[in-house]
Amino acid sequence: MEFLKQIGFNNSLLLATALLNLLMALVVLLKKGSKNKMYLYFVLLTLCNFIWCMTLLFAIIINQVNLAEFWYRSCYAAALGIGVSLLYFSVYFPFKSKQMSNGQHFLIFIPFITLFFLIYSKWHITDFVKINN
């Protein structure tokens with residue numbers, strides 16, 4: 001309980017949200033399996049939400065500037081994962097609405113990979129300043 005008081009109420013909610021997303025992903029994965037693509041993409045969506053919450057929490061609570069910057073940049077990478085998994089989940093929910101061609105998959109993943117590498121470059125965030133509350 002001391003840890004939750006130390007990180008603050010807002011960060012405790014962020015941690016609770018992350019754990020809830022992880023729990024949802026595990027329950028769906030264990031109960032429904034990964035054979036149905038709708039459930040698979042829902043699990044990927046909730047796992048990316050978990051990663052996003054945790055990277056944001058680490059960026060806030062870590063005092064070392066280099067590590068905080070790494071986690072801050074990683075929350076953008078997790079947000080990219082949320083976008084892609086939500087797109088694929090929407091194709092399969094509640095039933096498969098359309099067939100995606102290889103060209104469409106290519107048009108989704110090329111910008112994803114490009115943005116992923118740009119996140120960790122100096123072109124994305126030129127200056128990073130960590131100020132303690």
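All residue numbers in this chain count up from 1 along the given sequence.
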Looking at CG of Asn11 and CD1 of Ile60, how far apart are the two atoms once the value is rounded to the nearest 0.5 Å? 5.0 Å
Rounded to the nearest 0.5 Å, the CG atom of Leu14 sits from the OG1 atom of Thr55 at a distance of 8.5 Å
Do the side chains of Phe89 and Leu20 join up, straight or via other hydrophobic residues, at under 4.5 Å, putting them in one cluster? no
Please walk me through it: do Leu15 and Met54 pass side chain to side chain contact (heavy atoms under 4.5 Å, CB included)? CA-CA 7 Å; Leu15 181 62; Met54 292 305 293; 4.0 Å; yes
Those residues at least two apart in sequence (or on a different chain) that pass side chain to side chain contact (heavy atoms under 4.5 Å, CB included) with Thr17 are Asn21, Cys53
Please examine the side chains of Leu22 and Thr46, heavy atoms only from C-beta on, and report whether any two atoms are closer than 4.5 Å. no
Nearest non-hydrogen partners of Leu29 and Val43, listed with the distance: N-CG2, 3.9 Å
Assigning hydrophobic clusters by single linkage (Ile, Leu, Val, Met, Phe, Trp, Tyr; side-chain heavy-atom cutoff under 4.5 Å), is Val91 placed with Met38? yes
What donor-acceptor contacts under 3.5 angstrom involve side-chain atoms of residues 107-115, with partners at least two apart or in another chain?
residue, atom, partner, partner atom, Å
Thr114, OG1, Ile110, O, 2.8

Hey, quick one: are Val28 and Leu40 part of the same hydrophobic cluster, counting side-chain heavy atoms closer than 4.5 Å, chains of contacts allowed? no
Could you list the cluster mates of Leu30? Members are the ILVMFWY residues connected by side-chain heavy atoms closer than 4.5 Å, either directly or through other members. none
side-chain hydrogen bond (donor to acceptor under 3.5 Å, both in side chains) partners of residues 78-88, not counting sequence neighbours, each pair once: Tyr88-His105
Look at the side-chain heavy atoms of Ile, Leu, Val, Met, Phe, Trp and Tyr, link any pair under 4.5 Å apart, and say whether Leu23 and Leu13 land in one connected group. no
Atom CD1 in Ile62, atom CG in Leu57: separation rounded to 0.5 Å? 8.5 Å
Measure the spacing between CG of Leu26 and CG of Leu19 and express it to the nearest 0.5 Å. 10.5 Å
Listed partners of Phe50 passing ring pair (Phe, Tyr, Trp, His ring centres under 6.0 Å), at least two apart: none
Assess the residue pair Phe70 and Ser74 against the criterion (side chain to side chain contact (heavy atoms under 4.5 Å, CB included)); give the C-alpha distance rounded to whole Å, side-chain angles, the decisive distance to 0.1 Å, and a yes or no. CA-CA 6 Å; Phe70 170 76; Ser74 296; 3.7 Å; yes
I'd like to know if Phe93 and Val27 are part of one continuous hydrophobic network [Ile/Leu/Val/Met/Phe/Trp/Tyr, side-chain heavy atoms within less than 4.5 Å]. no
How far does OG of Ser90 sit from OH of Tyr41, to the nearest 0.5 angstrom? 11.0 Å
Qualifying residues under side chain to side chain contact (heavy atoms under 4.5 Å, CB included), relative to Ala79, sequence neighbours excluded: Trp52
Name the orientation class of the two ring planes belonging to Tyr72 and Tyr76 (parallel below 30°, tilted from 30 to 60°, perpendicular beyond 60°). perpendicular
Spatial distance of atom CD1 (Ile51) from atom CG (Leu56) [nearest 0.5 Å]: 13.5 Å
